[in-house]
Novice: 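First the structure, then my questions, so here it is.
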Amino acid sequence: MGQRGGARRPEEPGSGGAGGRFSDADDRAAPDPRDRVPGGGPVLGAGLVDGGRKPLPGGRERAGGRLPGDPVPDPGLGVPSPPAPERPARRISYARTVGRALPALLIVAGVLYDYLTPSQFTAAPFFTAAPLVAAPLLSLRGTVLTGLATVAAVLAVHIDLGIVAHAEAVTELVTVATVTVLAVLINMLVRRTDRRLASAREIAEAAQRAVVPRPEERIGGLEVAARYEAAQADAFIGGDLYAVQDSPYGVRLVVGDVRGKGMGAVTAVAVVIGAFREAAEHEPTLEAVAERLERALAREGTRRDGLDAFEGFTTAVLAEVPHGDALVRVVNRGHPPPLLLHADGTLRTLEAPDSALPLGMGELGTWPDRAAVVPFPGGATLLFYTDGLSEARDPEGRFYDPAARLAGRAFRDPDALLDTLIKDVHRHTGDGTTDDLALLAVQRP
């Protein structure tokens with residue numbers, strides 16, 4: 001290229017938030033024969049098994065705790081939580097703004113470079129980078145305009161410097177024009193791929209809603225609320241599930257988590273929910289319902305290929321609220337324990353009295369399920385959740401503890417509970433959840 005209006009100057013040398021914790025130990029109720037309830041089985045709320053013959057590991061009660069933004073509770077109910085970590089939304093917005101402005105900045109840098117450097121230096125890298133950067137970041141119209149602006153800038157510089165007819169200048173102009181065409185083609189391919197991914201996501205979400213529909217707000221005299229939160233960074237269909245059904249034996253429900261993701265997980269979810277709805281209507285006991293689910297998954301496992309044929313399983317917790325009785329029966333198959341929130345803010349973690357394998361792992365060992373029986377008085381709320389909640393981490397790697405965050409709280413209805421819980425876990429993780437989570441809340445009026 002010809003002589004430019006300036007010369008390069010020589011370089012000079014040398015130039016969180018976790019919620020409130022508890023200082024008081026978990027309370028355990030004293031043995032009391034009155035803690036036996038109709039229907040037999042252990043009474044987790046009383047902290048005893050089989051009439052008081054041995055202590056339960058579960059049945060813990062908690063008081064206190066608070067969520068961020070709540071008033072400071074009375075002494076003894078926990079301590080104020082530290083400010084939640086700042087969400088990365090602003091940083092993401094700032095990065096997007098810089099990315100969209102980058103093509104224009106490259107064009108300006110190229111023009112300045114051409115004017116301020118000797119003739120043996122070329123600004124072609126800046127000019128060719130501008131449309132290539134615009135291709136994945138901007139729309140088709142934005143990419144075309146960026147390419148035209150780049151070509152116009154190169155041509156204007158060459159005319160101003162009087163080198164438009166020089167071989168080097170012509171080569172640079174043709175190179176920039178060629179890269180612009182390629183950038184437009186890249187943009188079209190990227191947009192087509194984005195549309196396909198968006199379509200696939202919509203189909204996946206529709207399949208998820210069809211397989212795991214949201215239950216009615218009132219079932220069998222109980223108030224019910226459910227939420228399904230998909231992980232932001234995951235485009236696959238999750239394996240979390242829930243279902244609630246009224247039956248001749250009471251309101252029965254299941255919450256579970258199938259191993260894996262994608263269509264294989266959706267198939268297993270469909271099998272579990274289908275088997276549950278059939279068994280809930282006909283089986284006289286909750287233990288028999290769990291056994292039906294075990295057999296259904298065993299049959300499904302024989303039709304699966306690869307790793308899922310050997311390692312496919314589903315963690316699940318089943319519950320039954322009999323008509324007319326202020327109690328709930330619970331069978332847990334390797335799932336996070338549900339929480340029982342009383343109207344006065346007392347919280348109990350309903351730990352299973354006996355360990356049990358997840359559904360689908362019956363080949364490793366079989367033993368009879370035994371439902372635990374828990375008092376379920378009026379105004380109390382049962383909270384069921386998947387490990388997407390209990391394994392959510394803050395930026396420092398600390399797990400979210402729903403029992404600690406909800407203890408001492410009272411909610412007017414199940415929807416208010418779930419809305420508060422979702423907002424709080426988002427504060428805890430900084431909106432960086434990595435796993436799907438399913439929530440189900442059932443309240444006795």
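We number each residue from 1, following the sequence as shown. Every value quoted in this text rests on a predicted model; they were computed, and no experiment measured them.
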Novice: Can you name the one residue among Leu339, Asp257, Asp240, Leu437 that meets side-chain contact (heavy atoms from CB on, under 4.5 Å) with Tyr385?
Specialist: Leu339
Novice: Quick one, Pro131 and Asn187 - any side-chain contact, counting heavy atoms below 4.5 Å?
Specialist: no
Novice: Answer yes or no: is there a side-chain heavy-atom contact under 4.5 Å between His426 and Glu229?
Specialist: yes
Novice: Looking only at heavy atoms, what is the nearest atom pair of Gly239 and Tyr228, with distance?
Specialist: N-OH, 4.2 Å
Novice: Is any side-chain heavy atom of Val108 closer than 4.5 Å to a side-chain heavy atom of Leu112?
Specialist: yes
Novice: Taking the side chain as C-beta and beyond, is there a heavy-atom pair between Thr381 and Phe411 under 4.5 Å?
Specialist: no
Novice: For the pair Asp325 (side chain) and Leu327 (backbone), establish whether a donor and an acceptor sit closer than 3.5 Å, ignoring hydrogens and angles.
Specialist: no
Novice: Could you tell me how the ring of Tyr400 sits relative to the ring of His428: parallel (under 30°), tilted (30 to 60°) or perpendicular (over 60°)?
Specialist: perpendicular
Novice: Look at Arg227 together with Asp415 and state whether they make a salt bridge at an N to O cut-off of under 4.0 Å.
Specialist: yes
Novice: For a quick test of reading the model, state the closest non-hydrogen atom pair linking Ala290 to Leu359 and the distance between them.
Specialist: O-CD2, 3.8 Å
Novice: In a check of side-chain contact (heavy atoms from CB on, under 4.5 Å) between Arg252 and each of Glu281, Glu320, Arg329, which one passes?
Specialist: Glu320
Novice: Heavy atoms, side chains only, cut-off 4.5 Å: are Val151 and Phe127 in contact?
Specialist: no
Novice: Roughly how far, to the nearest 0.5 Å, is the OG atom of Ser247 from the NE2 atom of His323?
Specialist: 5.5 Å
Novice: Can you find a heavy atom in the side chain of Leu241 that is under 4.5 Å from one in the side chain of Val258?
Specialist: yes
Novice: Taking the six-membered ring for Trp, is the centroid-to-centroid distance between Phe384 and Tyr242 below 6.0 Å?
Specialist: no
Novice: What is the minimum heavy-atom distance between Pro353 and Arg370, and which atoms define it?
Specialist: CB-NH2, 4.1 Å
Novice: Among Val251, Leu382, Asp246, which residue satisfies the side-chain contact (heavy atoms from CB on, under 4.5 Å) criterion with Leu222?
Specialist: Val251
Novice: Any chance you could measure Leu132, atom CG, to Leu137, atom CG, to the nearest 0.5 Å?
Specialist: 11.0 Å
Novice: Taking the side chain as C-beta and beyond, is there a heavy-atom pair between Asp387 and Thr315 under 4.5 Å?
Specialist: no
Novice: Of Val317, Leu439, Leu383, which meets side-chain contact (heavy atoms from CB on, under 4.5 Å) against Val255?
Specialist: Val317
